[in-house]
Each structure stands twice: as C-alpha cells, then as structure tokens.
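Comments concern the structure below.
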Amino acid sequence: MYRQARWDEPLIIDRSQPGKVGHLPMRPSEVEMNTSGNVMDLVPSALHRNGPPPLPEVSEPEVVRHFVRLSQENYSPDLGIYPLGSCTMKYNPKSSELAVQTAKLEKLHPEQDESTIQGILALMFHLERMLAEITGMSRMTLQPAAGAHGEYLGCLITRSFHRSKNELEQRTEMIVPDSAHGTNPASAAMAGFKVVVVPSNSEGMVDLEELANVAGPRTAGLMITNPNTLGIFERNILEIARIIHKAGGLLYYDGANFNPLLGKVRPGDMGFDILHLNLHKTFATPHGGGGPGAGPVGVTRSLEKFLPVPIVEFDGKNYYYNYNVPDSIGKIRSFHGNIGILARAYAYILNLGADGLKMVAETAVLNTNYVLSKVLAKGQYQLPFAPQRKHEFVLSAKGLSNSTGIRAMDLAKRMLDRGVHAPTTYFPQIVDEALMVEVPETESLQDLDHFVDVLTSVFEEAQSNPEAVRSAPHFTSVTRIDDVKASHPKTLTLHWHGASSTQKRVSHQEPIAQVNY
Ligand SMILES: *Cc1c(COP(=O)(O)O)cnc(C)c1O
C-alpha cells in the first residue's frame, strides 16, 4: 500500500524571521576582488537595489527540512516507475550528475577567452560529433534549450533554405501527421507556416495516398516523429521521404523520444534533412519539472550554412568559435546553450559507449512490449491500430468508459494511489480515452510486473467499485484537482505576494477549484 506524505508546509517566506542566517557570512565576492574600481559603476543607477533583497531569513535546518518535506509530497523517477508516454521519464544515472558537479565547470563564463576554455570547447566539439554520428547528420548546433525550441530552429532553417532558392513566398505549408506531438504544428505556425494535417491510415501510419495529395509546390516540409506517438515505426519512411523531396520540401525529424532508435537506426539514413534530439529525455537529464533542457539540432551537409553561430571548430591544435557561417539564421539562444545538460549527455554517452546505447534501445523496446503483451492478455483495454510497437503504446479505455462511465483520467488518478506515476492521458488525439504508456529501459522485472498489476487491477476495480476510482486519488498529498481551472491563466497566481500562506498552497483537503487565489 502506498501513502504519500502530507505536510501542512508553509511557504519558506512565512518561516522567515529577521536576523536568522543559514550560512557563514560571505566573503567579498570574486567579482569585487577581481575588479579594480567599484563594480557598481558598471550597473546603471536605476537598476541599483535599495537595501538587501527580500529573501527569506531562515536557518539551515529550516531550509533543508522545508525542501525535504516538499520533495516527500512529490513523485519522481528516483522514487518509482514513471511511464509517461512521449516523455521518456527514465531514471537518470547519478554518474552523469557527479560528472558535472565540479567547480571546473561551474566557474566557467561564456565570455572567457577561448584559450582559457579549451576543455569545454573540446566537450562541445566532441558531443556534436557523437550526436551527429548517432543520428546520421552532418553537423549539429547545441544551442536550442528545448525540443520545441529545436523545432522552431528547424523551421527557420527550412525558411532560409527555400529563401535561398527564391521559393519562400510559394512554399507556405508545413505538413504534420495527425499523430504528431502538439509542439510540431505549434512550431511550424510560429515560424509562419500554414499547418496541413495528413491523416493516419488504419495501421496508425501516415497515409501515403493522402500525403501524395497534399505534397506539392506549396510544401515547405514535413515534420514527423518515427516511431510515431503511437509507438509504431513508420515503415514507409523512405517512400515518405521520396514524396516530400520530389515535391521540393524538406523532411524534419522530431527526435524527442530517441530511446527506441539509439545505436540501431539513424534518421539521416532514412532521408531526413533536419532533426532535433531532446537531451532532457533520452540523454540523462530528467524531462519536466521546469528545469533547463537541451534540444540540439542536426542538419545535412547542404544545410550547414544556415546553422546558428557560433559553431565550435578544431584547427588541429586549438578549439575555437567559428562565426563565419555564410547564411546563418543568426543566434537562437544566448551564448552556447545549457552547458550543464550538454555535459551530462556527454558523460552519459561516454559511460554507455556504442554497445550500451544499443542496449538502451533494445531494453526500452523489450520492456514496453513485455508490459503491453501482459496487459493485452487480460483482454481489458483495447489497442487501436497495428500491434507492433517500439518504445511506447497507446491503450484505449473506451469500452470501459462506454459501459461504466469511468474514463481514462479516472484510471490514471487511481494508479497514483498504487505508488506509480500515471501514463499520459488523452494523447494522441486519434485514440479515444487514450492511456499512453512508455516504459523506459531502467525498470526491473519486478517494477514491470507491479506496473502491469496496477494497470489491470484499476480496470477491474472500475467495474467492481467504480466510486473508488471516480474519486481517486485518495492517498496522495494533493487529491483530485480541477484540471481546467488549474491551467486557467486568470485564476492562477504564481507569486506569493499578497496572499496568506494557507491560501497560497493548495491544501490536500480542498480541490484546487475551491482555493481562492
Ligand atoms: C517532448 C516532446 C517534444 C517537445 O520537447 P520539449 O523539450 O518539451 O519542448 C516534441 N516532440 C515529442 C514527440 C516529444 O515527446
């Protein structure tokens, strides 16, 4: 039985008492010590702060206990299985964390002279080479800070490509399959393209006839992920590439979930021109939680000239920034990207080696299919579309919903009571009452069996005791919330000013809909 901690923990600002300190008084900062003259002269006077910043004044034990209590009310891949489809929430090895927690990395500044940062330049140079080799691309930029950021960059490169051929005005359409991740059409639209949706066929793959119908002189490109969000490998990918290239478009690969292909298949060999990876999914940084990410973008040789500047080069002796990229789209982010995330990925790849990466892919696909076959053997959920899956699968609870009124979201909430994270719900939209399950490589056989038991027993319970499922979760620190209200920008106040602490925290007794912000 699982019971999540419930603390009536106030905001840390409400624990503040004047004069309390949690550390030894600080020495003069290194900035002051190393700068001749007054460093404040460099800051415009309008930006000078009057008095100390309004930070909470608390002791060290108060800080530690505050955050440990909050962490006990949370769930993470360090606590148990996290089968959130399309998110690749795997356990991230501590070796990658240790590799980056070094003063050598933390104290670097992007404005330092190249001669003093040869180490990090070498890391960026070699990481780029490794990612290019893994994906079959010619060059990569490490700048983008997220997957969607990489997609947007890919769309800008697509624009530059068509502009260079004097075809930008005519090529206004970006094609995306109806199974696409929502960021794909959003990125294309932000970059100024009209989004054209191509439907899936009865097997859950891009319908080739429909694709041939929409591809033409207005096509700028196609954005697609493979295996797609149903976990199905688009086995017609070479034909898809042929259709798009023949129409004069570019093929964009959404590589956010690269787990199933690592070391096995390369998008470059499937005919893709541009792609992004999510290092904060596949390469040892947790996805979500609001932390930084990294979405490196790779291109074929003919598109290299559009990459953002600078790129890192090696002249045989020194590593250096190259700003001389003739048709560069410019910069996509300040400095060189989220270096900490890049360094974790570098450590992860070196730790695993080529064979280890292959084993990640094989184990992730095996684990997912093990869970799928055990669940299907029970005959409860439906599995729309073809049965072959790679890293994830999408179950439908439509039959259950029709007969009992219990919906996919109710099942997902009840699973939380069993100490696992729930699958993704209601995505992709082409599956009714969808539960999208991705089982990464880091789970043991016991974890997999427990998860199968959770998936199947909540289904049974929905039939025998629907009320317990409809009102779930019961044993978590926060119980059922009003999802619509929770994401409504007008009702959420994301700062602590002006509200009392009992109002500011979502109490576990009250659903969020009743909290007055
Ligand atoms: C997560 C994901 C993205 C977006 O990545 P972010 O880093 O969250 O912007 C894009 N496509 C797919 C398939 C994804 O799973």
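What's counted below: heavy atoms across the whole structure, side chains too, no hydrogens, waters or symmetry copies. As the structure is a computational prediction, the values presented were derived from the model and not from experiment.
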Have Asn184 and Glu151 got a donor and an acceptor in their side chains that come within less than 3.5 Å?
-> yes
Decide side chain to side chain donor-acceptor pair (under 3.5 Å) for Asn92 and Arg344; before the verdict, give the C-alpha distance in whole Å, the side-chain angles of both, and the deciding distance to 0.1 Å.
-> CA-CA 10 Å; Asn92 296 287; Arg344 281 173 180 82; over 6 Å; no
Would you call Lys20 and Glu62 a salt bridge, taking side-chain N to carboxylate O under 4.0 Å as the test?
-> yes
CZ of Arg65: more than 12 outside heavy atoms within 6.0 angstrom?
-> no
Partner set under side-chain contact (heavy atoms from CB on, under 4.5 Å) for Thr102, not counting sequence neighbours = Lys104, Leu105
Please list, chain by chain and in numerical order, all residues satisfying salt bridge (Lys or Arg N to Asp or Glu O under 4.0 Å) with Glu57, sequence neighbours excluded.
-> none
Do you know which two heavy atoms are closest between Ala284 and Ser96, and how far apart they sit?
-> CB-OG, 3.7 Å
Salt bridge or not for Arg6 and Glu73, using N-O below 4.0 Å?
-> no
Do Ser477 and Gln4 get their side chains close enough for a donor-acceptor pair, meaning under 3.5 Å?
-> yes
Indicate yes or no for a side-chain donor-acceptor contact from Ser16 to the backbone of Pro56 under 3.5 Å, with no hydrogens or angles considered.
-> no
Say whether, by atom type as modelled, one donor and one acceptor occur between the side chain of Thr229 and the main chain of His181 under 3.5 angstrom.
-> no
With no hydrogens and no angle check, is any side-chain donor or acceptor of Thr116 less than 3.5 Å from a backbone partner on Gln112?
-> no
Mind checking whether Pro296 and Thr141 have side chains closer than 4.5 Å, heavy atoms only?
-> no
Without swapping roles, check the side chain of Tyr319 against the backbone of Met124 for a donor-acceptor pair under 3.5 Å.
-> no
Side-chain heavy-atom pair Leu307, Leu153 within 4.5 angstrom cut-off = no
For Glu438 and Ser86, test the side chains for any donor-to-acceptor distance below 3.5 angstrom and give the result as yes or no.
-> no
Applying salt bridge (Lys or Arg N to Asp or Glu O under 4.0 Å), name anything that partners Lys264, two or more places apart in sequence or on another chain.
-> Glu362
Determine whether more than 12 heavy atoms belonging to other residues, nucleotides or ligands lie under 6.0 Å from atom CG of Asp113.
-> yes
With a 3.5 Å cut-off and no angle check, do the side chains of Asp78 and Ser76 form a donor-acceptor pair?
-> no
Compute the centroid of each ring, for Phe475 and then for Tyr2, and state whether the two points are separated by less than 6.0 Å.
-> no
Residues Leu416, Val420; criterion side chain to side chain contact (heavy atoms under 4.5 Å, CB included); working and verdict = CA-CA 5 Å; Leu416 305 181; Val420 302; over 6 Å; no
Are Val297 and Leu275 close enough that some pair of their side-chain heavy atoms sits under 4.5 Å apart?
-> no
Is there a donor-acceptor pair under 3.5 Å between the side chain of Asn338 and the backbone N or O of Pro292?
-> no
Would you find a donor on one side and an acceptor on the other, under 3.5 Å apart, between the side chain of Thr88 and the backbone of Lys281?
-> no
Side chain of Asp482, backbone of Val484: donor and acceptor closer than 3.5 Å?
-> yes
For His336 and Gln143, does a side-chain donor sit closer than 3.5 Å to a side-chain acceptor?
-> no
Centroid-centroid distance, Tyr253 to His276, less than 6.0 Å | no
Run the ring-centre check on Tyr82 versus Tyr75 and record whether the distance is less than 6.0 Å.
-> yes
Please step through salt bridge (Lys or Arg N to Asp or Glu O under 4.0 Å) for the pair Glu167 and Arg218, ending with a clear verdict.
-> CA-CA 9 Å; Glu167 291 186 1; Arg218 287 194 301 275; over 6 Å; no
Donor-acceptor pair between Asn351 and Ser95 side chains, under 3.5 angstrom = yes
Distance-only, no hydrogens or angles: does the Arg139 side chain make a donor-acceptor pair with backbone N or O of Val299 under 3.5 Å?
-> no
Could you tell me whether Glu169 and Arg163 make a salt bridge, using a distance below 4.0 angstrom between a side-chain N and a carboxylate O?
-> no
Count the heavy atoms of every other residue, nucleotide or ligand shown that sit under 6.0 Å from NZ of Lys331, and state whether that count exceeds 12.
-> yes
Are Tyr252 and Thr225 close enough that some pair of their side-chain heavy atoms sits under 4.5 Å apart?
-> no
For Trp7 and Gln72, does a side-chain donor sit closer than 3.5 Å to a side-chain acceptor?
-> yes
If you take all heavy atoms of Met415 and Pro423, which pair is closest and at what distance?
-> SD-CD, 3.5 Å
Is the Lys NZ or Arg CZ of Arg171 less than 6.0 Å from the centre of Phe161's six-membered ring, within 45° of the axis?
-> no
His280 and His287 aromatic ring geometry - parallel, tilted or perpendicular at 30°/60° bounds | tilted
Indicate whether any N or O donor in one side chain lies under 3.5 Å from an N or O acceptor in the other, for Ser138 and Glu304.
-> yes
What distance do Glu128 atom CD and Leu123 atom CG have between them, rounded to the nearest 0.5 Å?
-> 12.0 Å
Is the closest side-chain donor-acceptor distance between Glu441 and Thr363 under 3.5 Å?
-> no
Report yes or no: does Thr282 contribute a side-chain atom to a donor-acceptor pair with the main-chain N or O of Phe258 at less than 3.5 Å?
-> yes
Does Asp273 use its side chain to pair, donor to acceptor, with the backbone of Leu251 at less than 3.5 Å?
-> yes
